[in-house]
Amino acid sequence: MLVVRAINASDLDALYGLASQVGTGMTTLKPDMKMLGDRLAIACASFAETIPPEKRDYMFVMEDTDTGRLAGVCAIKGAVGLDEPFYNYRIGTLVHSSRELDVFTRMETLYLSNDLTGSTELCSLFLHPDYRSGNNGKLLSKSRFLFIAQFPHLFTEKLIAEMRGYQAPDGSSPFYEGLGRHFFKMDFHHVDDLTSLGKKSFIAELMPRQPMYVAYLPDEAQEVIGKVHLSTAPARRLLEQEGLHFEGYVDIFDAGPVLQARVSELRAMRDSMPAVLDAEAVPEACSDLAQAEPYLVSNTDLKDFRMIVTSANPHSGKIALDDDELHLLRSRNGDTVRTLSLNPRKHLHV
């Protein structure tokens with residue numbers, strides 16, 4: 001069985017194994033033992049509430065309890081850009097016109113920006129290829145929204161998620177080759193490694209501050225602005241289901257889109273509900289559990305947050321879980337849990 005839970009200090013070796021599978025483009029999850037060890041220590045301090053909320057980095061792992069293997073990882077950073085610069089390109093428009101020549105042109109531009117500084121960030125989502133089936137990806141990604149819904153006071157009002165940008169089959173980034181290489185004079189993978197290690201000062205030192213005209217870039221670079229890596233497309237769809245959307249910010253290296261939302265407008269904030277664990281609870285409008293809608297269910301323990309997906313449905317503020325599910329949540333009948341339908345419900349308009 002699978003459970004998403006707060007990471008703990010004993011997960012370091014398994015976390016390194018997951019990071020080794022990721023590949024380039026995800027700067028928050030590199031196979032560097034020191035970096036991962038430091039980040040895990042911050043995560044443990046975050047769940048223990050021994051550091052300020054804005055410095056916290058909540059990391060979650062998906063564990064296969066039958067084997068003890070880690071199947072995936074994801075995270076929420078309390079706030080970005082407060083200790084080191086957080087850069088993006090903002091896509092803008094410049095208008096050039098001349099009445100005398102009867103010329104009017106709109107030019108798309110890229111502005112180097114720190115606009116998203118201070119936002120809460122969803123990051124480091126990775127599911128091992130062996131587990132990419134069924135509802136596993138949804139369970140891993142959406143666990144973070146249930147955590148935010150349970151503890152909204154720990155996060156800022158703006159939530160963002162940087163998506164890995166498009167890469168060619170050979171692993172190169174058409175956007176970086178068309179723009180970044182001219183300023184950094186190093187290959188994409190080297191820059192990717194430097195940013196993952198927190199060495200970001202060179203961005204401000206080397207990148208131009210004036211707007212960049214998109215039309216000046218090679219066609220291959222223009223075409224991938226705002227496009228995601230092939231393996232990231234499912235993750236983007238899941239985030240958009242939960243209320244995030246693209247507002248014209250992209251990564252400065254690979255031009256991957258930055259999705260954003262107001263925390264108060266997330267589906268989990270609107271639709272998730274507390275329920276009391278009760279062995280006698282009756283599934284809502286459904287006597288056949290095989291036909292029941294899958295639900296996300298989490299405990300309400302910050303220090304030992306745990307979440308599962310179940311066929312049990314809440315009804316009248318109660319939900320019945322079997323003994324195995326109770327064990328996964330480290331909960332018992334009478335405890336309060338938080339519930340959310342795995343898939344957004346379709347609202348009928350009359």
Side-chain angles (χ1 to χ4, degrees), residues 1-19 28-29 35-80 120-128 131 135-156 159 161 242 263 266 268 272 274 277 295-310 321 324-332 335-340:
M1 299 182 72
L2 296 175
V3 62
V4 175
R5 60 170 175 80
I7 202 167
N8 60 55
S10 65
D11 292 321
L12 181 56
D13 289 340
L15 181 63
Y16 181 86
L18 280 177
T28 60
L29 198 64
M35 183 184 77
L36 291 174
D38 291 344
R39 189 172 180 199
L40 191 149
I42 292 173
C44 291
S46 300
F47 288 110
E49 298 188 277
T50 58
I51 56 177
E54 66 273 11
K55 294 182 178 296
R56 294 179 190 175
D57 185 2
Y58 299 97
M59 295 187 74
F60 308 88
V61 291
M62 175 185 280
E63 180 184 353
D64 183 339
T65 58
D66 293 332
T67 63
R69 182 182 181 188
L70 292 192
V73 60
C74 61
I76 312 170
K77 289 192 175 183
V80 296
T120 291
E121 182 186 22
L122 301 177
C123 60
S124 306
L125 177 70
F126 179 73
L127 182 62
H128 193 284
Y131 290 86
N135 290 323
N136 296 346
K138 292 181 180 180
L139 169 63
L140 183 62
S141 177
K142 298 187 179 189
S143 62
R144 298 172 294 183
F145 294 99
L146 213 53
F147 185 82
I148 292 172
Q150 180 61 38
F151 307 106
H153 61 284
L154 298 177
F155 304 102
T156 64
L159 180 69
E242 299 305 312
V263 166
L266 294 174
S272 71
L277 292 170
Y295 259 77
L296 301 171
V297 181
S298 76
N299 65 20
T300 58
D301 186 350
L302 173 63
K303 294 179 173 59
D304 188 22
F305 183 81
R306 303 172 75 86
M307 197 193 81
I308 61 171
V309 62
T310 177
L321 300 181
D324 288 337
E325 292 171 332
L326 291 173
H327 179 71
L328 290 177
L329 292 178
R330 293 185 177 170
S331 300
R332 55 188 175 185
D335 290 348
T336 298
V337 294
R338 181 165 290 276
T339 67
L340 177 69

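Computed from a predicted model, the values in this text were never measured in an experiment.
- In this structure, the side chain of D66 engages the main chain of M1 through a donor-acceptor pair within 3.5 Å.
- When side chains are defined from C-beta on, F145 does not count as touching L296, because their heavy atoms never get closer than 4.5 Å.
- Taking 4.5 Å as the limit, every side-chain heavy atom of R306 sits out of range of all side-chain heavy atoms of I308.
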Would you sort out whether M59 and L15 count as a side-chain contact (heavy atoms from CB on, under 4.5 Å), showing the intermediate values?
-> CA-CA 11 Å; M59 295 187 74; L15 181 63; 4.1 Å; yes
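- Within the 4.5 Å cutoff, side-chain heavy atoms of L154 are placed close to those of L302.
- Between F151 and F305 the shortest side-chain heavy-atom distance falls below 4.5 Å.
- The two residues E242 and A268 have their closest heavy-atom pair at OE1-N, 4.3 Å.
- Atom OG of S46 is separated from atom CZ of R39 by 10.0 Å, given to the nearest 0.5 angstrom.
- A donor-acceptor distance shorter than 3.5 angstrom exists from the side chain of T120 to the backbone of G78, with no hydrogens or angles considered.
- Annotation: the span from L159 atom CG to I148 atom CD1 amounts to 5.0 Å, rounded to 0.5 Å.
- Without hydrogens or angle criteria, D335 side chain to R332 main chain gives a donor-acceptor distance under 3.5 Å.
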Determine, step by step, whether R5 and D11 satisfy the side-chain contact (heavy atoms from CB on, under 4.5 Å) criterion, reporting the C-alpha distance in whole Å, the side-chain angles of both residues, the deciding distance to 0.1 Å, and the verdict.
-> CA-CA 11 Å; R5 60 170 175 80; D11 292 321; 2.9 Å; yes
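- Taking all atoms of both residues into account, the shortest heavy-atom contact from C44 to A9 is SG-N, 3.7 Å.
- Taken to the nearest 0.5 Å, the NE2 atom of H327 stands 13.5 Å off from the CG atom of L321.
- When side chains are defined from C-beta on, R144 counts as touching L125, because their heavy atoms get closer than 4.5 Å.
- A parallel orientation is assigned to the rings of F60 and Y58, their planes being inclined by less than 30° (bins at 30° and 60°).
- Remark: L70 CG to Y16 OH distance equals 15.5 Å, nearest 0.5 Å.
- Closest of all the heavy-atom pairs between A48 and K303 is O-CE, 4.2 Å.
- Residues M62 and V4 meet the side-chain proximity criterion, which asks for heavy atoms closer than 4.5 Å.
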Begin from the C-alpha positions of Y131 and L2 and carry the test side-chain contact (heavy atoms from CB on, under 4.5 Å) through to its verdict.
-> CA-CA 10 Å; Y131 290 86; L2 296 175; 4.1 Å; yes
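- Taking every heavy atom of both residues into account, D57 and A75 meet most closely at OD1-CB, 3.9 Å.
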Passes side-chain contact (heavy atoms from CB on, under 4.5 Å), V73 versus L140? Steps please.
-> CA-CA 7 Å; V73 60; L140 183 62; 5.9 Å; no
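- Across L127 and A71, no two heavy atoms sit closer than the pair CD1-O, 3.4 Å.
- R338 places no side-chain N or O within donor-acceptor distance of the main-chain N or O of T300, the cut-off being under 3.5 Å.
- Of the inter-residue distances, the one linking R56 atom CZ with I76 atom CD1 reads 12.0 Å to the nearest 0.5 angstrom.
- Without hydrogens or angle criteria, S331 side chain to L329 main chain gives a donor-acceptor distance under 3.5 Å.
- Using a distance-only test at 3.5 Å, with no hydrogens or angles considered, a donor-acceptor pair links the side chain of N299 to the main chain of D304.
- Interatomic distance, T339 OG1 to Y295 OH, rounded to the nearest 0.5 Å: 6.0 Å.
- Between L328 and T310 the shortest side-chain heavy-atom distance does not fall below 4.5 Å.
- The shortest distance between side-chain heavy atoms of K55 and I42 does not fall below 4.5 Å.
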